[in-house]
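Working notes, structure below.
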Amino acid sequence: MFPYQINGFGTPPINYHLWRGYAMQDRIKIDKLLASEKPIDCVVAKGWVRTRRDSKDFSFMELNDGSCLKNIQIVADSKLENYSEISSLTTGSAISVTGKLVPSPGKGQKWEIHADVVEIVGIAPEDYPLQKKRHSDEFLRTIAHLRARTNKYGAAFRIRSEMAWAVHNFYREKGFRYLHTPIITGSDCEGAGEMFKVTTLDPANFNKNEKMDCSSDFFGQEANLTVSGQLSAEMFALALGDVYTFGPTFRAENSNTSRHVAEFWMLEPEMAFCDLEGNMDHGEELLKYLVRHAMDVCTEDLDLFANFVDKGLKPLLNSLAEDKYERINYNDAVDLLQKSGKKFEYKVEKGIDLQSEHERFLAEEYFKKPLFLINYPKTIKPFYMRVNDDGETVAAMDLLVPRIGEIIGGSQREERLNVLEERMGQMNLAGEPYWWYMDSRKFGSVPHSGFGMGFERLLMLITGITNIRDVIPFPRTPGSIEF
RNA sequence: UCCCCAGUAGCUCAGUCGGCAGAGCAAGUGGCUGUUAACCACUGGGUCCGCGGUUCAAGUCCGUGCUGGGGAGCCA
């Protein structure tokens with residue numbers, strides 16, 4: 001409510017800018033304006049000009065404030081006192097508009113705002129890099145600080161936000177507890193690849209060939225950024241029942257692919273009294289919930305991706321939400337691949353891990369839907385996975401989906417202390433740093449399971465975006481940490 | 001880290017056999033117009049990724065480095 005509305009004046013005063021404080025608070029976001037069911041005498045909209053077109057007596061502006069994909073059309077009459085400034089407004093400039101929300105006589109929009117006041121908040125000079133035209137993803141990556149102002153990236157990051165909320169909603173509804181596991185860890189033995197060292201020591205004081213002495217470092221021992229919250233989550237699953245972690249994860253692998261970044265977000269549920277079967281049920285339920293949520297809540301943004309990014313997106317999402325996911329043993333999958341008659345670049349062989357091309361064949365060509373690949377040979381899987389009765393395989397599961405490949409990797413955990421110790425011995429892992437982990441198997445050990453799901457890979461799956469760098473605001477990759 | 005491809009105006013890209021550097025969009029100026037990536041005309045805009053080489057002459061050929069992309073490995 002503005003002072004002039006209280007007083008019953010029909011139009012805002014010329015010195016409107018004196019009431020800027022009111023306007024800041026009372027602006028209506030464009031998604032709400034466009035959803036209006038009736039005209040409104042006085043509204044305030046603020047945002048960035050996407051494009052401007054001039055007519056004889058008017059200037060038409062497309063205003064976007066990030067609240068939704070659509071712009072609202074602003075009609076500025078040439079009689080406005082600052083019309084010369086308005087008619088020179090450039091793409092990217094920020095404005096505040098006060099006016100009437102009225103039905104639009106033009107094509108392409110239901111509502112428009114007839115401006116009574118257009119306040120220029122921030123000009124974008126002519127070197128503003130974003131144009132009305134389409135830009136390449138590669139170029140937009142070099143201006144990651146501005147790319148969220150485009151249709152595609154605005155939509156992608158609204159969906160990202162919505163999906164993060166959906167994760168929490170899902171787990172809250174199911175009675176899981178949200179757990180914050182450490183970002184800095186003391187062990188270099190989590191077994192998931194290269195780690196980033198954390199130190200307060202000056203590397204200049206050490207020569208390259210000698211190992212850094214960490215005893216005088218901040219923690220008095222070697223410290224790294226986390227590659228997984230799993231071991232911590234297991235401890236809490238064995239206390240609170242069902243827990244999940246959802247946070248940043250770091251891998252110092254020198255991976256240069258469209259599916260890897262050095263810093264990413266991972267969701268890791270961990271469930272007590274849960275076996276491999278329950279683990280798969282949970283993963284399937286989770287992914288279906290998230291996909292349905294995206295289709296229900298992000299309809300408009302998702303349409304952009306279905307229309308311009310991936311024509312096959314809608315059928316894929318329907319399949320993800322509706323189809324029963326396949327479940328197949330590693331050994332059976334190898335047989336199936338060998339008998340498929342398909343020519344692979346790499347040979348399929350029992351006992352070794354499947355190649356990307358094999359996984360893609362299974363998910364995209366053979367089953368044409370998600371599948372859980374389970375019970376891998378123990379020799380190619382980490383120590384904490386539960387050894388099956390055959391003594392040769394472990395209760396591991398990877399969920400493979402079309403286009404992405406592995407989106408979930410998990411297992412039932414080895415809960416038997418003696419088997420776990422034996423396994424670590426075989427893999428030459430020193431038990432001592434794991435004393436607390438072993439304790440959980442010593443005191444009231446129970447069967448439990450969990451997995452990790454890459455949040456960015458989920459977003460790629462849902463949007464059809466093919467490069468992981470385009471679903472995270474400021475990607476970190478080898479040799480690249482700008483922004 | 002390995003294999004392949006690319007780098008030309010602010011952006012997207014063309015550039016033939018080695019022979020004067022081009023288009024659309026953007027920007028500037030003018031015109032027209034309740035416009036819809038508005039339209040029409042004109043104008044300005046270049047380290048052809050860097051370095052070295054071959055040649056009378058290199059955006060174009062050769063070597064090398066850098067950056068980006070695709071694929072592989074590692075994985076989420």
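Everything numeric in this text was worked out from a predicted model, so none of it was measured. The chains referred to below are lettered A, B, ... by the order of the sequence lines, with proteins before strands, and numbering in each begins at 1.
- Mapped onto RNA chain B by nearest heavy atom, A:Gly452 and A:Ser258 fall at different nucleotides, with A:Ser258 at the one closer to the 5' end.
- The shortest distance between the side-chain N/O atoms of A:Gln355 and the OP1/OP2 oxygens of B:A72 is not below 4.0 Å.
- Comparing A:Asn467 and A:Phe455 by the nucleotide of RNA chain B whose heavy atom lies nearest to each, the residue mapping closer to the 5' end is A:Asn467.
- The shortest distance between the side-chain N/O atoms of A:Ser136 and the OP1/OP2 oxygens of B:U12 is below 4.0 Å.
- Here A:Phe139 lies in heavy-atom contact (under 4.0 Å) with sugar-phosphate atoms only.
- Note on A:Arg259: a side-chain N or O is less than 4.0 Å away from OP1 or OP2 of B:A72.
- Residue A:Thr51 has its side chain nearest to B:A38 when only B:U35, B:A38, B:G73 are considered.
- At a threshold of 4.0 angstrom between heavy atoms, the contacts of A:Glu112 include nucleobase atoms, whether or not backbone atoms are also involved.
- OP1 or OP2 of B:U35 has not a single side-chain nitrogen or oxygen of A:Arg52 nearer than 4.0 Å.
- No contact: A:Val401 has no heavy atom under 4.0 Å from any strand.
- B:A76 has its base stacked against the ring of A:Phe264, the centroids being under 5.5 angstrom apart at an interplanar angle below 30°.
- The partner of B:C2 is B:G71, by the rule that a Watson-Crick or G-U pair needs both atom distances under 3.5 Å.
- The environment of CZ in A:Phe139 is crowded: more than 12 heavy-atom neighbours from other residues, nucleotides or ligands sit within 6.0 Å.
- Dashed line: the shortest gap from a side-chain N or O of A:Ser55 to OP1 or OP2 of B:A38 is not under 4.0 Å.
- Of all nucleotides present, none satisfies the Watson-Crick or G-U wobble test against B:A76 with each distance under 3.5 Å.
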Would you list the protein and nucleotides 22-32 of chain B atom pairs, both N or O, that sit under 3.5 Å from each other?
{"residue": "B:G24", "atom": "N2", "partner": "A:Lys133", "partner atom": "NZ", "Å": "2.7"}

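- A:His114 contributes a side-chain N or O that forms a donor-acceptor pair with the base of B:G34 under 3.5 Å.
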Pairwise N/O distances under 3.5 Å, protein to nucleotides 64-66 of chain B:
none

Distances under 3.5 Å between protein N/O atoms and the N/O atoms of nucleotides 41-48 of chain B, please, pair by pair.
none

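- Using a 4.0 Å cut-off, some side-chain N or O of A:Arg53 falls inside it from OP1 or OP2 of B:A38.
- Among the heavy atoms of the strands lying under 4.0 Å from A:Ser104 is at least one base atom, whether or not backbone atoms are also near.
- No hydrogens or angles were tested; on distance alone, nothing pairs the side chain of A:Glu138 with the base of B:G7 as donor and acceptor under 3.5 Å.
- Look at A:Ser356 and you'll find a side-chain N or O under 4.0 angstrom from OP1 or OP2 of B:G73.
- B:C51 sits 12 Å from B:U47 when the P atoms are compared, rounded to a whole Å.
- One finds no side-chain N or O of A:Arg147 lying less than 4.0 angstrom from the OP1 or OP2 phosphate oxygen of B:C11.
- Nucleic acid contact for A:Ser255: base, since at least one base atom lies under 4.0 Å from a heavy atom of the residue.
- For A:His135 and B:C11, a side-chain-to-base donor-acceptor distance below 3.5 Å is absent, hydrogens and geometry of angles not being considered.
- In this structure, A:Ile407 reaches the sugar-phosphate backbone alone: every heavy-atom distance under 4.0 Å involves primed, P, OP1 or OP2 atoms, never a base.
- The aromatic ring centroids of A:Phe451 and A:His282 lie less than 6.0 Å from each other.
- The neighbour count for A:Phe236 CZ, taken as heavy atoms of other residues, nucleotides or ligands under 6.0 Å away, does not exceed 12.
- Nucleic acid contact for A:Arg360: sugar-phosphate only, since backbone atoms but no base atoms lie under 4.0 Å from a heavy atom of the residue.
- In this structure, A:Asn254 reaches the bases: a heavy-atom distance under 4.0 Å links it to at least one base atom across the strands shown.
- Residue A:Arg469 places at least one side-chain N or O under 4.0 Å from the OP1 or OP2 atom of B:G69.
- Here A:Tyr178 and A:Tyr171 keep their ring centres 6.0 angstrom or further from each other.
- Among the heavy atoms of the strands lying under 4.0 Å from A:Pro105 is at least one base atom, whether or not backbone atoms are also near.
- Classified by interplanar angle (parallel below 30°, tilted 30° to 60°, perpendicular above 60°), the ring pair A:Phe246/A:Trp265 is perpendicular.
- The nucleotide whose nearest atom lies closest to any side-chain atom of A:Thr257 is, among B:G73, B:G34, B:A76, B:G73.
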